[in-house]
Amino acid sequence: MHNRPMAEPVIPLVDQRNGALADQLGRPLRDLRISVTDRCNFRCTYCMPKEVFGKDHPFLPHAALLSFEEITRLARLFALQGVHKIRLTGGEPLLRRHLEGLIEQLAALRTPDGAPLDLTLTTNGSALARKARALKAAGLRRVTVSLDAMDDAVFRRMNDVDFPVAEVLDGIAAAREAGLGPIKVNMVVKRGTNDQEILPMARHFRGTGIALRFIEYMDVGSTNGWRMDEVLPSRELLARLRAEMPLVPLAPTAPGETAERWGHADASGRHDPAAGEIGLISSVTRAFCGSCNRARLSTEGKLFLCLFAGHGYDLRAMLRGGAPDEAIADAIARIWRGRSDRYSELRGTQAAADGEPHVEMSYIGG
Ligand code: SAM
Ligand code: SF4
Ligand code: SF4
């Protein structure tokens with residue numbers, strides 16, 4: 001137990017297994033994304049444009065970041081409130097020094113049923129070739145790698161730091177060898193910038209056991225100069241794919257799944273598992289707020305209830321102020337119960353326009 005003053009009454013932690021904890025729209029808390037750093041070695045134009053995230057950008061000082069012990073303590077309390085999946089993200093999570101140490105601690109956590117958490121990580125892949133084995137040894141289960149093009153010149157333009165695509169592909173191969181699967185690859189599609197890469201990407205990953213997911217370019221943050229005409233709607237993307245490769249719809253694998261799954265089909269029109277599948281994440285054109293069971297913990301310990309939220313709830317202040325576990329667990333439950341966020345459903349309406357400015361994705365974690 002952490003820092004509990006002797007005289008304080010003990011309130012038992014509530015076991016929320018049976019879905020007792022639900023937000024204002026009846027959504028349970030299942031998934032926690034933890035941003036472990038706000039820094040990144042890439043400057044993807046849709047996320048951390050160079051003009052804004054330049055040399056003088058004030059990134060968080062180390063003391064502001066949650067320590068591994070603080071993250072693990074919060075993760076344990078979130079698990080008690082129903083979270084069974086944790087995704088480490090950022091910024092670029094592999095830039096956080098000795099991340100394996102955090103993974104070891106998180107891998108030791110259990111749900112109230114005694115099951116390990118589904119522990120995963122989203123990375124730009126640049127350090128994966130070096131780190132895959134150590135991550136696996138520390139207890140990481142699988143990875144999602146972001147990759148926006150197969151063509152080297154297009155990829156270098158997307159990451160805007162001239163990073164070669166071959167090194168990310170080496171990272172994916174290393175992750176596969178280390179057993180960090182099933183691997184997913186995320187491609188953000190910007191019309192007019194990398195949409196010519198959709199088919200080469202689909203051809204490359206077909207039959208590899210890696211699920212490629214296409215993500216609609218989103219209006220996250222307030223610095224990427226987002227425009228609706230640069231969004232390529234998933235329906236249009238699907239039509240382009242189906243013109244070349246037969247695809248059949250697949251059932252969702254988990255409640256609240258963000259990706260609509262399509263399987264590569266064989267000559268008889270049935271899904272061919274060996275050829276694999278693709279996913280469509282239609283964050284803009286087909287909102288999935290109704291089943292959104294995700295909370296986000298920022299690098300400095302603020303709890304955000306939506307990717308498009310304007311503010312978070314300061315859990316670090318509670319941690320560092322000596323609050324006992326029960327008080328923090330209670331705060332998490334209270335905050336979640338009050339949640340009514342559904343930005344993507346409201347996008348384009350006055351209610352969405354009236355909201356606070358969005359925080360940046362590199363800070364809150366994607
Ligand atoms: N740096 C890691 C990476 O790129 O995988 C993790 C953090 S990144 C913010 C998480 C995910 O958010 C990545 O897959 C990235 O492509 C996606 N992302 C960032 N900005 C986006 C935007 N404007 N629209 C859609 N997806 C975005
Ligand atoms: Fe970095 Fe990931 Fe954002 Fe690209 S998407 S700038 S890799 S945090
Ligand atoms: Fe969840 Fe917010 Fe995205 Fe809706 S807009 S799916 S509530 S993160």
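Order of listing sets the numbers, starting from 1, for every ligand and every atom in it.
- Summarising the local packing, CZ of Arg270 is surrounded by 12 or fewer heavy atoms from other residues, nucleotides or ligands at distances under 6.0 Å.
- Each of Asp23, Leu29, Leu303, Asp330 was compared with Ile335 under the side-chain contact (heavy atoms from CB on, under 4.5 Å) criterion, and only Leu303 meets it.
- In terms of protein heavy atoms, atom 2 (Fe) of ligand 2 is closest to Cys40 SG, 4.4 Å.
- Side-chain contact check for Ile215 versus Met187: every heavy-atom pair is 4.5 Å or farther apart.
- Side-chain atoms of Arg97 never come within 3.5 Å of backbone atoms of Leu94 as a donor-acceptor pair (strictly under, hydrogens ignored).
- A heavy-atom separation below 4.0 Å is not found between Gly90 and ligand 2.
- Among protein heavy atoms, the minimum distance from atom 8 (S) of ligand 3 is reached at Leu307 N, 3.3 Å.
- Residue contact annotation: Glu216 has a non-hydrogen atom under 4.0 Å from ligand 1.
- Among protein heavy atoms, the minimum distance from atom 7 (S) of ligand 3 is reached at Asp341 O, 3.5 Å.
- Of the N or O atoms in Thr123, one or more lie within a sub-3.5 Å distance of an N or O in ligand 1.
- Side-chain contact, Thr299 with Ser35: a donor N or O sits under 3.5 Å from an acceptor N or O.
- Checked by atom type and distance alone, the side chain of Gln24 pairs as donor or acceptor with a backbone atom of Arg337 at under 3.5 Å.
- Under the side chain to side chain donor-acceptor pair (under 3.5 Å) test applied with Glu277, the options Arg206, Arg213, His271, Arg261 reduce to a single match, Arg261.
- Using 4.0 Å as the threshold, Gly91 has a heavy atom nearer than that to some atom of ligand 1.
- Taking atom 6 (S) of ligand 2 as the reference point, the nearest protein heavy-atom neighbour is Cys44 N, 3.5 Å.
- Using the six-membered ring where Trp is involved, Phe155 and Phe163 have ring planes that are perpendicular, over 60° apart on the 30 and 60° scheme.
- For the pair Tyr217 and ligand 1, the shortest N or O to N or O distance does not fall below 3.5 Å.
- Note on Leu95 and Val143: separate hydrophobic clusters, where clusters join Ile, Leu, Val, Met, Phe, Trp and Tyr whose side-chain heavy atoms are under 4.5 Å apart, directly or indirectly.
- Atoms of ligand 1 lying under 4.0 Å from at least one heavy atom of Asn124, given by number and element, are 2 (C), 3 (C), 5 (O).
- Taking a cut-off of under 4.0 Å to the non-hydrogen atoms of Gly90, the atoms of ligand 1 that pass are 7 (C), 9 (C).
- Every N/O-N/O distance between Pro93 and ligand 1 stays at or above 3.5 Å.
- Counting heavy atoms from C-beta on, the side chains of Phe42 and Ser126 come closer than 4.5 Å.
- Under the 6.0 Å distance and 45° angle rule, Arg347 counts as a cation-pi partner of Phe308.
- Taking every non-hydrogen atom of Phe288 and a distance limit under 4.0 Å, the qualifying atoms of ligand 3 come out as 6 (S).
- Taking all heavy atoms of Val188, Thr122, Val145, Thr89 into account, the minimum distance to atom 27 (C) of ligand 1 is reached by Val188.
- Ligand-side atoms of ligand 1 in range of Glu92: 1 (N), 2 (C), range being under 4.0 angstrom from any heavy atom.
- In this structure, Asn159 contributes its side chain and Asp162 its backbone to a donor-acceptor pair below 3.5 Å.
- Protein heavy atom closest to atom 3 (Fe) of ligand 2, with residue, atom name and distance, is Cys47 SG, 2.4 Å.
- In summary, the atoms of ligand 3 found under 4.0 Å from a heavy atom of Cys289, numbered by their order in the structure, are 4 (Fe), 5 (S), 6 (S), 7 (S).
- When each atom of ligand 2 is checked for a heavy atom of Gly91 under 4.0 Å away, the hits are 8 (S).
- Here the side chain of Glu197 pairs a donor or acceptor atom with the backbone of Met150 at under 3.5 angstrom.
- For ligand 3, the atoms lying closer than 4.0 Å to a non-hydrogen atom of Ser344 are 5 (S).
- Looking only at heavy atoms of the protein, atom 1 (Fe) of ligand 3 is closest to Cys292 SG, 2.4 Å.
- Heavy-atom contacts of Arg296 reach the following atoms of ligand 3: 8 (S) (cutoff under 4.0 Å).
- Every atom of ligand 3 is numbered from 1 in the order shown, and the set under 4.0 Å from a heavy atom of Phe308 is 5 (S).
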